[in-house]
A.B. asks: 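So that we are looking at the same thing, I have put the structure below in structure tokens.
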Amino acid sequence: MLPHKKIESTLQAAVRAVLADADVSAILVRPCDPKFGDYQSNALMSLAKTRKLNPRQLATDVLTKLDVSAVCEKVEIAGAGFLNFRLKNTALTQTLEAAARGEHLFFDKAAQPKTVVIDFSSPNVAKPMHVGHIRSTGIGDALQRTLRLLGHRVISDNHIGDWGTQFGKLLLGWKQILNRADLERDAIAELERLYKVINAECDANPLRLEEAKSELVKLQAGDAENVAIWKEMIALSQKQFDTIYGRLGVKFDFALGESFYNPWLGEVVADLLTRGIARESEGAVGVFSDGTLPPKEDPFLVNRDGEWVADPALVRKSDGGFNYTTTDLATIDYRLKTWSPDEIIYVVDDRQSGHFKKFFLIFGRWKPDAAKTTKLVHVGFGKIMGDDGKPFKTRSGDTVKLGELLDEAEERAYKIVSEKSAELPEAQRKEIARVIGLGAVKYADLLPNRQSDYIFSWDKMLALQGNTAPYLVYAYARIKSIFRKQNSEFRIQNSELKLAAPEELTLAKHLLNFGLTLEAVAEELRPNYLCNYLFELAGKFTSFYENCPVLKAEDEATKNSRLALCDLTARVLKQGLETLGIETVEQM
Ligand code: ARG
């Protein structure tokens, strides 16, 4: 068992020995400021608070029942009732030796694996994927990788927007103004053009709008010609999506688009009506406030000129069509029946937070039992900005297409790699540039707190110094070069570690925190924790490497011990980057 887990479970048992009925699941230990120790627990303070006990007294009582001497030095009580733990060197060394033998890589599989559905990426058909799609795609993929690594059962589902009123206009355009040659050259651009032209015509001419609507009605009624065209549009879009997902290395278990749920939308609305959750209003059907929340927190109310007025979630339009919310309700019903998830995670732009607040509340009213067992989380994120402080656009003011952005990333990285490593053959430089370029874009997107907007900067994300993917991939490759340089026989499996220098100890302890970091990412759904952990790891490795000679170590035993530290660092870097969806190269 990893030392922090051992401390945690021993501490939980000690708490139970003092307070037999305490819920110990919240008794956790976390890494702390090295001034105080290696790990700390603040859980006794909140426990004391809820029970109106003196926290220091509780800590003292717990200490008398706590024996962690196998892994820790003497435990200290600090401040209002913190417990500080300092690892014994023997425990640290043994843990690293076990990792060197391949028994673990500083993380454990979850004791209670959860079933988690992750809904992410979800682009819309007949539109190009743009720079904004990197956000949901990258964050969602990093989360699915983290959860899978920790042993959870993950079902990733791409909720593609393949249904909706836009198809009326697209169908009309396809039938009347389609240019086959352009469609073959760049299908998405041609579909985009069809939509733009017809949309403008509809705005100007109500008769055109009627024509588009009747195409939509025919599609909804299952008209063979319209269904065939619609399917072709989906297939063309899917091809574009697949190319991009292939480049990004993103995989989904399912891609059940919105249209998949069509057969159930009518039933959902009927059920909501029967249960009194939705009601008719001005010909449409909507869900309104049930008055249980204070107006300020109630998403079904908006304040207009000082007055709270209804802001319902529509589930059926006055023309009989269904809404985004209706589809999400049918979708969740299907997911519950199909996978019985403990959690469903929606990785979607923060601009939809109002939708998700309403939808989650409707779910609670519609399926109160399921709402108790299935947790719904909206993993929101902010916008990508240009350096002018406005949403990131091309020079001419268009949205940046994702495919073109990825091309540019690879081209820019190729220039940098060619300057830095001119001696490498071109094919290898191209491959390094692909890894670095795509990694840079992904990493820059994962690094900020996901809810904040960030400024897109090529120079910053491609820099070889600083908290970037190139820096981390380079750190990995540099470690690999140590192994290429050393010629004697080194077998990590039988390494004995001697940790003496402060930089060795600091690095070793940081390696140990890999698992805790992964758990924090999984718990709070924040991949940026892992980015920062890896950046710190690379920094701690650098000070180790600058201060502790490896290949020129004073004796063979020290050299092998340090090589083992190098190898473990490389493995954690590689695993960590892979968990963020970023590849590595052995040389650069
Ligand atoms: N296709 C939607 C959009 O582009 C995102 C869908 C997100 N997922 C969901 N279950 N609502 O806005």
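Both counts, for ligands and for their atoms, begin at 1 and track the order of listing. In this chain, residues are counted from 1 in sequence order. Heavy-atom basis, side chains included; hydrogens, waters and symmetry copies ignored.
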A.B. asks: Using salt bridge (charged side-chain N to carboxylate O under 4.0 Å, His left out) as the criterion, list what pairs up with Glu225, not counting sequence neighbours.
C.D. replies: Lys175
A.B. asks: To the nearest 0.5 Å, how far apart are CG in Leu525 and CD1 in Ile139?
C.D. replies: 10.5 Å
A.B. asks: Which pairs of N or O atoms, one from ligand 1 and one from the protein, are separated by less than 3.5 Å, and what is the distance for each pair?
C.D. replies:
{"residue": "ligand 1", "atom": "1 (N)", "partner": "Ser122", "partner atom": "O", "Å": "2.9"}
{"residue": "ligand 1", "atom": "1 (N)", "partner": "Asn124", "partner atom": "OD1", "Å": "2.9"}
{"residue": "ligand 1", "atom": "4 (O)", "partner": "Asn124", "partner atom": "ND2", "Å": "3.3"}
{"residue": "ligand 1", "atom": "8 (N)", "partner": "Asp119", "partner atom": "OD1", "Å": "3.2"}
{"residue": "ligand 1", "atom": "10 (N)", "partner": "Asp119", "partner atom": "OD2", "Å": "2.8"}
{"residue": "ligand 1", "atom": "10 (N)", "partner": "Asp328", "partner atom": "OD1", "Å": "2.7"}
{"residue": "ligand 1", "atom": "11 (N)", "partner": "Tyr324", "partner atom": "OH", "Å": "2.8"}
{"residue": "ligand 1", "atom": "11 (N)", "partner": "Asp328", "partner atom": "OD1", "Å": "3.4"}
{"residue": "ligand 1", "atom": "11 (N)", "partner": "Asp328", "partner atom": "OD2", "Å": "3.0"}
{"residue": "ligand 1", "atom": "12 (O)", "partner": "Gln352", "partner atom": "NE2", "Å": "2.8"}

A.B. asks: Do Lys383's NZ or CZ and the ring of Phe392 fall within the cation-pi criteria of under 6.0 Å and 45°?
C.D. replies: no
A.B. asks: Quick one: does NZ or CZ of Arg365 land under 6.0 Å from the six-membered ring centre of Phe300, within 45 degrees of the ring axis?
C.D. replies: yes
A.B. asks: Salt bridge (charged side-chain N to carboxylate O under 4.0 Å, His left out) with Asp186: which residues, sequence neighbours excluded?
C.D. replies: none
A.B. asks: Can you name the residues that form a salt bridge (charged side-chain N to carboxylate O under 4.0 Å, His left out) with Lys393, not counting sequence neighbours?
C.D. replies: none
